[in-house]
Asker: 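My structure is below; once you've seen it, I'll send some questions.
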Number of protein chains: 2
Amino acid sequence: MTIDPRSHTPVYVQLADLLRERIEAGDLPAGSAIGSETQLMQEYGIGRDAVRMAISTLRSEGLVTTNRGRGSVVREAPPRRRVELVPGATVVARMPSGTERRAMQLDEGVPVLEVRGPDGGVEVLPGDEVELTRPA
Amino acid sequence: MTIDPRSHTPVYVQLADLLRERIEAGDLPAGSAIGSETQLMQEYGIGRDAVRMAISTLRSEGLVTTNRGRGSVVREAPPRRRVELVPGATVVARMPSGTERRAMQLDEGVPVLEVRGPDGGVEVLPGDEVELTRPA
DNA sequence: CTAGATTTGTACGTATGTATT
DNA sequence: CAATACATACGTACAAATCTA
C-alpha cells in the first residue's frame, strides 16, 4: 500500500488509514515505534504537515502516544478494572476538557465516564481504565 | 483576559483556554460562532497556526464543530435518550476509528459506548446521544 | 558530565483547492 | 460571479526534550 498525492482523499488521511491498518492488524504491536516524522516524510515522499496531521489523527483516536524527543509509539492501553453500576445510576461518556485531561493525566483520545449516582453525586472515571458492569 | 506571546504556555493553548472559558460560562452559547480564523488572528495578533490548533483542540473536546466555508460554532449537543443496561452487560467507552466515525456520522470529539450483552453480542452507541441507566 | 544528534513542539510564511455565503 | 472561510500541503526557523557517543 502506498500513497497517491493526486487522490481526492487527502495525503494525511491516507497515511493515517495506512498506519491504523498496520496497528489493528498487529503489524505494529503496542509499545512499538511508528517511525519518526522525518522517516515517514522520506518513506512516503510527503511533507511534515501531512505526517503530523496523520499522527495527530491517530492520537485523537487513542491509538498512539507521542513524546517530545522520543517519538510516537502504539499506545498500550492500561488494564480495565470492573466497576459495578449501582441501581439508580446513570452514565454518560464525553471527552475531558483540557484542564480535566491534564489533572487526570489522561492520554489524548481517551474519553471519561461521568457516573451520576441515585443520590445525585457525580463521579468522573478514566474511560480507558474502566469497564462498567451490571451484574446478572 | 488576553494572550501573552512570551508566556511559557503556548499561544494556542492560551487561546483554547480562553475560548473554552467563554463557552462554559455561557458567553458563547450553543450555535453561536466563535469568530473566523482571520478575525481571531487579528484580534489576538497571532498566526493562523495558533488559531487553527486552538480550534482543533476545542473540536477534539467536542465543544465546537467546524464547517468549511461557514466557520466554527459552539456545538449543540443532541438530546440524550436513556438506554437501559441489561443484566449481565458490560460497557467500555472509547474513541471511534476514522472509518467508524464517518460511518456513524459522529462529530469530532465524540466517543462511543461499546456495550457487550450477556449473549456476547456487541453494540456500539454514539456517546453524545445516549445516557446509560441502571434502574433502581 | 558534556557535546552533539535526533525528535517533537511551536510559530511563522506562502500557495492552492473547495465549500459556503 | 465574487467574496469569505476553512482544508490541504508545501516551505522555513527556532525551542525544548531526549538520547547517544
Side-chain angles (χ1 to χ4, degrees), chain A residues 2-19 28 31-61 63-75 98 101-102 105 107-109, chain B residues 2-19 28 31-61 63-75 98 101-102 105 107-109:
Chain A
T2 178
I3 283 180
D4 177 15
R6 291 178 310 284
S7 166
H8 58 63
T9 33
V11 168
Y12 83 91
V13 176
Q14 294 182 57
L15 178 56
D17 290 347
L18 194 152
L19 291 172
L28 291 172
S32 65
I34 65 171
S36 75
E37 294 178 355
T38 313
Q39 282 174 354
L40 293 171
M41 282 169 64
Q42 292 171 346
E43 184 170 348
Y44 295 103
I46 60 183
R48 196 184 175 198
D49 267 18
V51 170
R52 285 183 62 81
M53 289 177 72
I55 295 177
S56 170
T57 300
L58 299 178
R59 250 200 320 270
S60 70
E61 292 173 10
L63 290 179
V64 306
T65 60
T66 303
N67 289 285
R68 190 198 298 217
R70 258 182 302 169
S72 299
V73 297
V74 179
R75 186 162 170 274
R101 192 173 72 78
R102 290 187 280 269
Q105 291 185 303
D107 285 336
E108 273 186 67
Chain B
T2 178
I3 284 180
D4 176 15
R6 290 178 313 284
S7 164
H8 56 56
T9 33
V11 168
Y12 82 93
V13 175
Q14 294 182 55
L15 177 56
D17 290 347
L18 194 151
L19 290 172
L28 290 172
S32 65
I34 65 171
S36 74
E37 294 178 354
T38 314
Q39 281 174 354
L40 294 171
M41 282 169 63
Q42 292 171 348
E43 185 170 349
Y44 296 102
I46 59 183
R48 196 182 175 201
D49 267 19
V51 170
R52 285 183 62 80
M53 288 177 74
I55 296 177
S56 171
T57 300
L58 300 178
R59 249 199 322 269
S60 70
E61 292 173 8
L63 289 179
V64 307
T65 60
T66 303
N67 288 284
R68 188 192 308 216
R70 259 182 301 170
S72 299
V73 297
V74 180
R75 185 160 170 276
R101 192 173 73 78
R102 290 186 280 268
Q105 292 185 306
D107 285 336
E108 273 185 65

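Below, read A as the first sequence line, B as the second, and so on, with proteins coming before strands; counting in each chain starts at 1.
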Asker: To the nearest Å, how far apart are A:Arg52 CZ and C:dT7 P?
Answerer: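 Rounded to whole Å, this separation is 14 Å.
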Asker: B:Val11 and B:Leu15: side-chain contact (heavy atoms from CB on, under 4.5 Å), yes or no, with the steps?
Answerer: CA-CA 6 Å; B:Val11 168; B:Leu15 177 56; 5.5 Å; no
Asker: Can you tell which of C:dT7, D:dT18, D:dT8 lies closest to the side chain of A:Pro10?
Answerer: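 Out of C:dT7, D:dT18, D:dT8, the nucleotide with an atom closest to A:Pro10's side chain is D:dT8.
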Asker: Please report, rounded to the nearest Å, how far the C1' atom of C:dT14 is from the CG atom of B:Asp49.
Answerer: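 So the CG-C1' distance, B:Asp49 to C:dT14, works out to 12 Å.
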Asker: Nearest-Å distance, CD (B:Glu108) to P (D:dC6)?
Answerer: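 B:Glu108 atom CD is separated from D:dC6 atom P by 15 Å.
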Asker: Between D:dC14 atom C1' and A:Arg68 atom CZ, what is the distance in whole Å?
Answerer: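 After rounding, the reported distance stands at 12 Å.
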Asker: Between C:dT21, C:dT10, D:dA16, spot the one nearest the side chain of B:Met53, thanks.
Answerer: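 Among the listed nucleotides, the one closest to the side chain of B:Met53 is C:dT10.
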Asker: Would you confirm whether B:Gln14, through its side chain, and B:Asp4, through its main-chain N or O, come within 3.5 Å as a donor-acceptor pair?
Answerer: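 Yes.
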Asker: In terms of side-chain heavy atoms of A:Thr66, which of D:dA7, C:dG9, C:dT10 is nearest?
Answerer: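 Nearest to the side-chain atoms of A:Thr66, counting from C-beta on, is C:dG9.
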Asker: Which whole-number value in Å describes the distance from B:Arg70 CZ to D:dT4 P?
Answerer: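 My rounded result for the distance is 19 Å.
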Asker: Using a cut-off of strictly less than 4.0 Å, decide whether A:Tyr12 has a side-chain nitrogen or oxygen near OP1 or OP2 of D:dA9.
Answerer: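 Checking A:Tyr12 against D:dA9: no side-chain N or O falls below 4.0 Å of OP1 or OP2.
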Asker: Taking B:Glu61 for its side chain and A:Gly98 for its backbone only, find out whether a donor-acceptor pair lies under 3.5 Å.
Answerer: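 Confirmed, B:Glu61 side chain pairs with A:Gly98 backbone.
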Asker: To the nearest Å, how far apart are A:His8 NE2 and C:dG17 C1'?
Answerer: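 That distance rounds to 15 Å.
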Asker: Can you check whether any acceptor in the base of C:dT10 is under 3.5 Å from a donor in the side chain of A:Arg48, or vice versa?
Answerer: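 In this structure, the two groups form a donor-acceptor pair.
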Asker: For B:Asp4 and C:dT10, what is the distance between atoms CG and P respectively, to the nearest whole Å?
Answerer: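 Atom-to-atom, B:Asp4 to C:dT10, this comes out as 16 Å.
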Asker: Out of D:dC19, C:dG9, D:dC10, which nucleotide sits closest to the side chain of A:Glu37?
Answerer: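 Minimum distance to the A:Glu37 side chain belongs to C:dG9.
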Asker: Take B:Ser36 and A:Thr9, find for each the nucleotide of DNA chain D with the closest heavy atom, and name the residue whose nucleotide sits nearer the 5' end.
Answerer: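 The 5'-side residue here is B:Ser36.
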Asker: Under 3.5 Å, side chain of B:Thr57 to main-chain N/O of B:Met53, donor-acceptor pair present?
Answerer: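 Yes; at least one donor-acceptor contact below 3.5 Å.
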Asker: A:Ile55 has an atom CD1; how far is it from atom P of D:dT8, in whole Å?
Answerer: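 In whole Å, D:dT8 P and A:Ile55 CD1 are 16 Å from each other.
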Asker: Apply side-chain contact (heavy atoms from CB on, under 4.5 Å) to the pair B:Arg75 and B:Arg59, showing each step before the final yes or no.
Answerer: CA-CA 9 Å; B:Arg75 185 160 170 276; B:Arg59 249 199 322 269; over 6 Å; no
